[in-house]
Amino acid sequence: MDPKIKVVIAEDNFDSQQIISAFLEPLDSFEVVGIAEDGENLLDININKKPDLIIADIHMPKLNGIDAISSCLKISPELQFVFITAYDQYAVSAFDLHAVDYVMKPIKKERLYIALERAKNVLLSNQKVERKQILPITVDRTSHFIHFSRIVLIEKDSRKTIIHTVDQKYETNESLDTILQKLNHDFFRTHRSFIVNLNYVSHLTFEGDTHFVHFRNYPHYAHVSKLQKNKLYHALSFENSK
């Protein structure tokens, strides 16, 4: 996380946008990096701006706030968010998504500041944990430190091990067994030649007896062995229920 917490405001009402922005302006720890006027616009801004925190109205055109945040989380699972709304019947849905807070309209400065402080504490806590979630590897006499959240899959290709991240690939001589011992429970060995990050799995397909894992916004796929197929289904079900 950067020194300032990057915030996106998702609100279709111009006056509400201005009020939230004005409340945030004097706070040194927060920086507004984008304003989305509807749910679909929020998806684009989330990808381009990569905010730490989204303050989202639930009632927005094209895509409501809850569905938009659900989609954002598939791309940015570490994202934090606060819902704002004039209706309290959506509180259960909001907290099912693990919202930091749920602020009722009309928005009061003191109430929003409580929500922002909660978000700040969660982000700082996550940052401390994230420092430990680093995979160190050596490539051609150079040490690389790869954050777990950026790893999509890891595959064994002949004598090399290839680590696929969201933006590049790394080749190392380390074995899959050695690398797996350094990873956390988000990673699953689907095959003798593949380790996948469960957070990026989108769907499974099969051709005859051969099963494949596919990933969100990533063209590569991984193989699943017969022995691991049922275990993978269980791991994905558990991951989705958290």
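Note that the numbering runs from 1 along the sequence shown for the chain.
One finds the CG atom of L135 at 5.5 Å from the CG atom of L183 (value rounded to the nearest 0.5 Å). Rounding to the nearest 0.5 Å gives a distance of 13.0 Å between CG of L153 and NE2 of H191. Y200 OH to I75 CD1: the interatomic distance, rounded to the nearest 0.5 Å, is 8.5 Å. To the nearest 0.5 angstrom, K109 atom NZ is 12.0 Å from L116 atom CG. Distance check, rounded to the nearest 0.5 Å: CD1 of I151 to CD1 of I163 gives 6.0 Å. Remark: F188 CZ to L236 CG distance equals 8.0 Å, nearest 0.5 Å.
Summarising the local packing, CG of D28 is surrounded by 12 or fewer heavy atoms from other residues, nucleotides or ligands at distances under 6.0 Å. Applying the 6.0 Å contact sphere to NZ of K231 captures no more than 12 heavy atoms from other residues, nucleotides or ligands. No more than 12 heavy atoms of other residues, nucleotides or ligands sit less than 6.0 Å from atom OH of Y221. Heavy atoms from other residues, nucleotides or ligands lying under 6.0 Å from NZ of K108 number 12 at most. The environment of CD in Q168 is crowded: more than 12 heavy-atom neighbours from other residues, nucleotides or ligands sit within 6.0 Å. Enclosure of atom CG in D167 by more than 12 non-hydrogen atoms of other residues, nucleotides or ligands within 6.0 angstrom is indicated. With a 6.0 Å radius and a threshold of 12 heavy atoms from other residues, nucleotides or ligands, K182 has its NZ atom above the threshold.
At a threshold of 4.5 Å between side-chain heavy atoms, the hydrophobic network of Ile, Leu, Val, Met, Phe, Trp and Tyr places V224 and Y233 in one connected group.
Using a 4.5 Å heavy-atom cutoff, the side chains of S225 and R192 are not in contact. With a 4.5 Å cut-off on side-chain heavy atoms, Y170 and I162 do not count as touching. Within the 4.5 Å cutoff, the side chain of V213 has heavy atoms near those of the T190 side chain. Using a 4.5 Å heavy-atom threshold, the side chains of I107 and I84 count as touching. Side-chain contact between T161 and L176: present, with at least one pair of heavy atoms (C-beta onward) separated by less than 4.5 Å. Residues C72 and I54 form a side-chain contact, since some pair of their non-hydrogen atoms from C-beta on lies under 4.5 Å apart. Put simply, the side chain of E78 does not reach to within 4.5 Å of the side chain of L73, judged on heavy atoms. Residues F206 and F212 fail the side-chain proximity criterion, which asks for heavy atoms closer than 4.5 Å.
Among the candidates H211, H164, H223, the single residue satisfying the ring pair (Phe, Tyr, Trp, His ring centres under 6.0 Å) test with F194 is H223. When the options N199, V196, I195 are evaluated for a side-chain contact (heavy atoms from CB on, under 4.5 Å) with F187, the one that passes is I195.
Salt bridge present: D101 and R118 bring a charged side-chain N and a carboxylate O closer than 4.0 Å.
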Test K160 against N173 for side-chain contact (heavy atoms from CB on, under 4.5 Å), laying out the working first.
CA-CA 5 Å; K160 293 285 187 179; N173 292 319; 3.4 Å; yes
Evaluation steps, salt bridge (charged side-chain N to carboxylate O under 4.0 Å, His left out), between K156 and E174
CA-CA 10 Å; K156 189 70 176 177; E174 290 191 50; over 6 Å; no
Hey, mind stepping through D177 and R189 against salt bridge (charged side-chain N to carboxylate O under 4.0 Å, His left out) and telling me if it holds?
CA-CA 9 Å; D177 289 335; R189 184 81 173 262; 2.9 Å; yes
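Residue pairs satisfying the ring-ring contact (aromatic ring centres under 6.0 Å, His included) criterion with at least one member in residues 32-82, sequence neighbours excluded, are listed as follows: H59-Y87, H59-Y90, F81-F83.
Counting only N and O atoms by type, the side chains of S29 and K120 include a donor and acceptor under 3.5 Å apart. A side-chain donor from one of H220 and E155 sits under 3.5 Å from a side-chain acceptor of the other.
Nearest heavy-atom pair, A68 versus L63, reported as atom, atom and distance to 0.1 Å: CA-CD2, 3.7 Å. Taking every heavy atom of both residues into account, Y113 and P26 meet most closely at OH-CG, 3.8 Å.
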List the atom pairs, donor and acceptor, that lie under 3.5 Å between side-chain atoms in residues 30-43 and the rest of the protein, sequence neighbours left out.
{"unit_1": "D38", "atom_1": "OD1", "unit_2": "E40", "atom_2": "N", "d": "3.0"}
{"unit_1": "D38", "atom_1": "OD1", "unit_2": "N41", "atom_2": "N", "d": "2.7"}
{"unit_1": "N41", "atom_1": "OD1", "unit_2": "E37", "atom_2": "N", "d": "3.4"}

